[in-house]
Amino acid sequence: RLVVETCSYIMSSVALAITWQHLKQNVMPLVTHVIFPVLCFDQRDRIKWAEDPIDFVRTTYDVIQDYTSQRVQCSRLLVDLCQKRAKTCLTPILNFCHEVLLSTTSELQHHQQDTPGTDAATRRAALDEAAARKDGGMYLLGSLRSQLCDPVVHIECGAKVEWLLTNCIATELQSSIPHLRARACWAIGNLVVLLDKNTEFYLQIVRCVLSMLRDPELPVRFQVFVSL
C-alpha cells in the first residue's frame, strides 16, 4: 500500500514545474532501482503460477488490481513520466529497456546451456533471475504503447522498438519458460501496431500466437486469448 501511495504522490509531482525540478535529476535512479524491480516477475508470482494458475489469472486481470497493485501503479508512473516529460524521460527509459532486453537475452541463452563446473541449482537460480528481469523489460516496453505509437516518437524510436520486438521479444513466444511466453505475447499484443502487417515476420508472429492456444499452461492460453 505504501508503494501505491508513493507512486501516486510522485505522479502528482511530475506535472508540477516546481516539484519536477527536484525530481528531474533522479528520474533514472527511480526507474532502474524502484520501478523496474517491481515490474519484474517475482517469487510470489512464480509460486502462485505453479500452485494455483487460475488464481494467478484472476488476480492478474482483476480490476481491483488497478487500484491496489504496486506493479500496476509503477507502470502508471512510468507512463506518466514518458507522457508528461517525454523530452527528458522517454529516450533514457527506452535505452535502459534496450540494455535490459539485450543483456537478459544473452544471459538466458548462456544459462540454458550446460556450463562445466556449475551445478544445476546455481544454473537454475541464475536462469530464473534472468527470466524475471526479461519479463520486467518486456512489461516496461509494452507499457509504453501509447507513447510509442505517437508519430513523432515512432520516427525517432520506431526502428529500435521493432528491432527489440524481432530479436528479443518474439523469440520468447517459444520459450521453455512459461511466464516469458505469456509476457512476450502480452508485449507483442500491445506493440503489434508498430509492425508492418505486409511482412513475413508479422505472419510468423500471428501463426506462432495462434499455435499457443494449445499451450499446456493456463495463464499462457488466457493471455493469448486476450492478445488476439
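Lys84 has a carboxylate O that lies under 4.0 Å from a charged side-chain N of Asp80, or vice versa, which qualifies the two as a salt bridge. One finds no salt bridge joining Asp45 and Lys48 here, because no Lys/Arg side-chain nitrogen approaches an Asp/Glu carboxylate oxygen to under 4.0 Å. At a threshold of 4.0 Å, the pair Glu107-Arg133 counts as salt-bridged, since one of the basic side-chain nitrogens sits closer than that to a carboxylate oxygen. A salt bridge is absent between Glu51 and Arg46; no separation between the charged side-chain nitrogens and carboxylate oxygens falls under 4.0 Å.
Between Phe222 and Tyr61, the ring centre distance stays below 6.0 Å.
Applying the ring-ring contact (aromatic ring centres under 6.0 Å, His included) rule to Phe201 yields no partners; only residues at least two apart in sequence or on another chain are considered. Remark: Ala182 engages Trp49, Val220, Gln223 in a side chain to side chain contact (heavy atoms under 4.5 Å, CB included) (not counting sequence neighbours). Taking Tyr202 as the reference, nothing meets the ring-ring contact (aromatic ring centres under 6.0 Å, His included) condition, with sequence neighbours excluded.
Judged by distance alone, the side chains of Ser146 and Gln83 never bring a donor and an acceptor atom under 3.5 Å apart.
Of the listed residues (Val79, Leu77, Leu81), just one forms a side-chain contact (heavy atoms from CB on, under 4.5 Å) with Met11, and that residue is Leu77. Results of the salt bridge (Lys or Arg N to Asp or Glu O under 4.0 Å) test with Asp135 over Arg183, Arg181, Arg71 single out Arg183 as the only residue that passes.
With hydrogens and angles ignored, the 3.5 Å screen pairs a side-chain donor or acceptor of Ser12 with a backbone N or O of Ser8. The closest donor-acceptor contact from the side chain of Ser106 to the backbone of Leu102 lies at 3.5 Å or more, if one exists at all. Checked by atom type and distance alone, the side chain of Thr19 pairs as donor or acceptor with a backbone atom of Ser13 at under 3.5 Å.
Heavy atoms only, all atoms of each residue included: Pro219 and Val57 are closest at CA-CG2, 3.7 Å. The shortest heavy-atom contact between Thr166 and Ala170 is O-CB, 4.0 Å.
The local environment of CD in Gln174 is sparse, with at most 12 non-hydrogen atoms from other residues, nucleotides or ligands closer than 6.0 Å.
Atom OG in Ser227 sits 11.5 Å away from atom CD1 in Ile205 (nearest 0.5 Å).
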